[in-house]
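Report on the following structure.
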There are 2 protein chains.
Amino acid sequence: MAKARIRNRVRELREARGLTQAELAARSGCTRQTIIMLEKEKYVPSLSLAFAVAAVLGDRVEEVFQPEGSSG
Amino acid sequence: MAKARIRNRVRELREARGLTQAELAARSGCTRQTIIMLEKEKYVPSLSLAFAVAAVLGDRVEEVFQPEGSSG
DNA sequence: GGCGTGTGTAAGAAAAATTTGACATCACCG
DNA sequence: CGGTGATGTCAAATTTTTCTTACACACGCC
């Protein structure tokens, strides 16, 4: 598959907003575990979660998540 | 979960580009089934797939997929 | 009528995402 | 020292996504 590795700035953005993992998880409707895994790039989230997280972080999906080799 | 239903314009955009489902599938690195399911909104794709499809369609993820209740 | 193409549906299995629960570490506070 | 909040890890279980395979229908062509 074209499962390009996807980088994300969740942690960076989360801390910039002064949110804890638990806070972000609660607001984006997932568990803390999921946020941890996301920050550690253990896997690629679903588009749903990506939208939810991006919304909480106040950025667009394209800003928070970027396929490997995307212009910033 | 905050699994907001996500609408997509895959079909619309795909046809606008003169691509068949099989073509889009091959180019985005998934199977025809996946494209069919996507167009019929049977489920929300992974962010990987969303990026791949959007790239093939020549649009941004936010243009192709939109969480319910997004400005369009 | 038969053939090739594009689309749609279904079932079962595999792979990946997400949840739940338990526990360890570190920093801060009293 | 003891308690609390934030982060990280592990493992098992559940849900969702994706693949594979097989079949059906409509359309244009010869």
Side-chain angles (χ1 to χ4, degrees), chain A residues 1-70, chain B residues 1-70:
Chain A
M1 281 239 12
K3 290 280 179 183
R5 196 175 118 80
I6 294 199
R7 298 183 309 119
N8 75 69
R9 304 197 300 147
V10 173
R11 176 145 209 173
E12 176 188 347
L13 263 25
R14 172 177 64 79
E15 298 192 326
R17 308 256 176 282
L19 291 171
T20 67
Q21 294 176 334
E23 272 284 293
L24 176 55
R27 297 197 192 195
S28 56
C30 67
T31 63
R32 188 167 65 90
Q33 266 297 20
T34 300
I35 296 300
I36 289 174
M37 300 292 248
L38 238 48
E39 292 190 354
K40 302 188 75 66
E41 300 192 341
K42 284 290 189 177
Y43 56 64
V44 176
S46 69
L47 192 55
S48 273
L49 183 55
F51 269 127
V53 170
V56 173
L57 294 179
D59 271 299
R60 287 176 309 170
V61 170
E62 313 260 25
E63 289 295 330
V64 183
F65 303 89
Q66 302 160 343
E68 217 166 40
S70 179
Chain B
M1 280 238 17
K3 291 278 179 185
R5 198 174 116 80
I6 293 199
R7 299 183 309 119
N8 76 69
R9 304 197 299 146
V10 173
R11 177 146 206 173
E12 175 188 347
L13 263 26
R14 173 177 64 79
E15 297 192 326
R17 309 253 175 283
L19 292 171
T20 67
Q21 293 177 333
E23 273 282 293
L24 175 55
R27 298 196 190 196
S28 56
C30 66
T31 63
R32 188 167 65 89
Q33 267 296 19
T34 300
I35 297 300
I36 290 174
M37 300 292 248
L38 238 48
E39 292 190 354
K40 302 188 76 64
E41 300 192 340
K42 284 289 189 177
Y43 57 63
V44 176
S46 69
L47 192 55
S48 274
L49 184 56
F51 269 126
V53 169
V56 173
L57 294 178
D59 271 298
R60 287 176 308 170
V61 170
E62 313 258 25
E63 289 294 331
V64 184
F65 303 88
Q66 301 157 349
E68 217 168 39
S70 179

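Quick caveat: nothing in here was measured; it's all calculated off a predicted structure. So that the names make sense, note that chain A is the first sequence line, chain B the second, and so on, each numbered from 1.
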Fill in: Nearest to side-chain heavy atoms of S46(B), which nucleotide of dT19(C), dT17(D), dC19(D)
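My answer, after comparing the listed nucleotides, is dT17(D).
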
Grab the [atom1]-[atom2] distance between [X] and [N] for me, whole Å please.
| X | N | atom1 | atom2 | answer |
| --- | --- | --- | --- | --- |
| L49(B) | dT16(D) | CG | P | 18 Å |
| M37(B) | dA15(C) | CE | P | 18 Å |
| Y43(B) | dA17(C) | OH | C1' | 14 Å |
| L47(B) | dT18(D) | CG | P | 11 Å |
| L38(B) | dT16(D) | CG | P | 16 Å |

Discussion item. Among V53(A), I36(A), V56(A), exactly one meets side chain to side chain contact (heavy atoms under 4.5 Å, CB included) together with V10(A). Which residue is that?
Written reply: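 So the option named by the test is V53(A).
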
Review item, nucleotides 5-9 of chain D N/O atoms under 3.5 Å of protein N/O:
{"residue": "dT7(D)", "atom": "OP1", "partner": "R14(A)", "partner atom": "NH1", "Å": "2.9"}
{"residue": "dT7(D)", "atom": "OP2", "partner": "Q21(A)", "partner atom": "N", "Å": "2.8"}
{"residue": "dG8(D)", "atom": "OP1", "partner": "R11(A)", "partner atom": "NH1", "Å": "2.6"}
{"residue": "dG8(D)", "atom": "OP1", "partner": "R11(A)", "partner atom": "NH2", "Å": "3.4"}
{"residue": "dG8(D)", "atom": "OP2", "partner": "Q21(A)", "partner atom": "NE2", "Å": "2.6"}
{"residue": "dG8(D)", "atom": "N7", "partner": "R32(A)", "partner atom": "NH1", "Å": "3.3"}
{"residue": "dG8(D)", "atom": "O6", "partner": "R32(A)", "partner atom": "NH2", "Å": "3.0"}
{"residue": "dT9(D)", "atom": "OP2", "partner": "K40(A)", "partner atom": "NZ", "Å": "3.1"}
{"residue": "dT9(D)", "atom": "O4", "partner": "Q33(A)", "partner atom": "NE2", "Å": "3.3"}

Worksheet entry | Residue list, side chain to side chain contact (heavy atoms under 4.5 Å, CB included) with E15(B), at least two apart or on another chain |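 R11(B).
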
Fill in: Residues that A22(B) engages under side chain to side chain contact (heavy atoms under 4.5 Å, CB included), provided they are two or more places apart
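So A22(B) forms a side chain to side chain contact (heavy atoms under 4.5 Å, CB included) with T20(B), R32(B).
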
Worksheet item: After noting the C-alpha distance and the side-chain angles of E62(B) and F51(A), does the key distance pass the side-chain contact (heavy atoms from CB on, under 4.5 Å) rule?
Response: CA-CA 9 Å; E62(B) 313 258 25; F51(A) 269 127; 3.2 Å; yes

Worksheet item: Any Lys/Arg nitrogen of E41(A) or R5(A) sitting under 4.0 Å from an Asp/Glu carboxylate oxygen of the other?
Response: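 Yes, charged N to carboxylate O under 4.0 Å.
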
Practice prompt. Using a strict cut-off of less than 4.0 Å between a Lys/Arg side-chain nitrogen and an Asp/Glu carboxylate oxygen, indicate whether R17(A) and E23(A) qualify as a salt bridge.
Written response: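 No.
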
Discussion item. Whether T31(A) contacts dT19(C) is assessed here as follows: a side-chain N or O lying under 4.0 Å from the phosphate OP1 or OP2. Is that the case?
Written reply: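 Indeed, a polar side-chain atom of T31(A) lies that close.
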
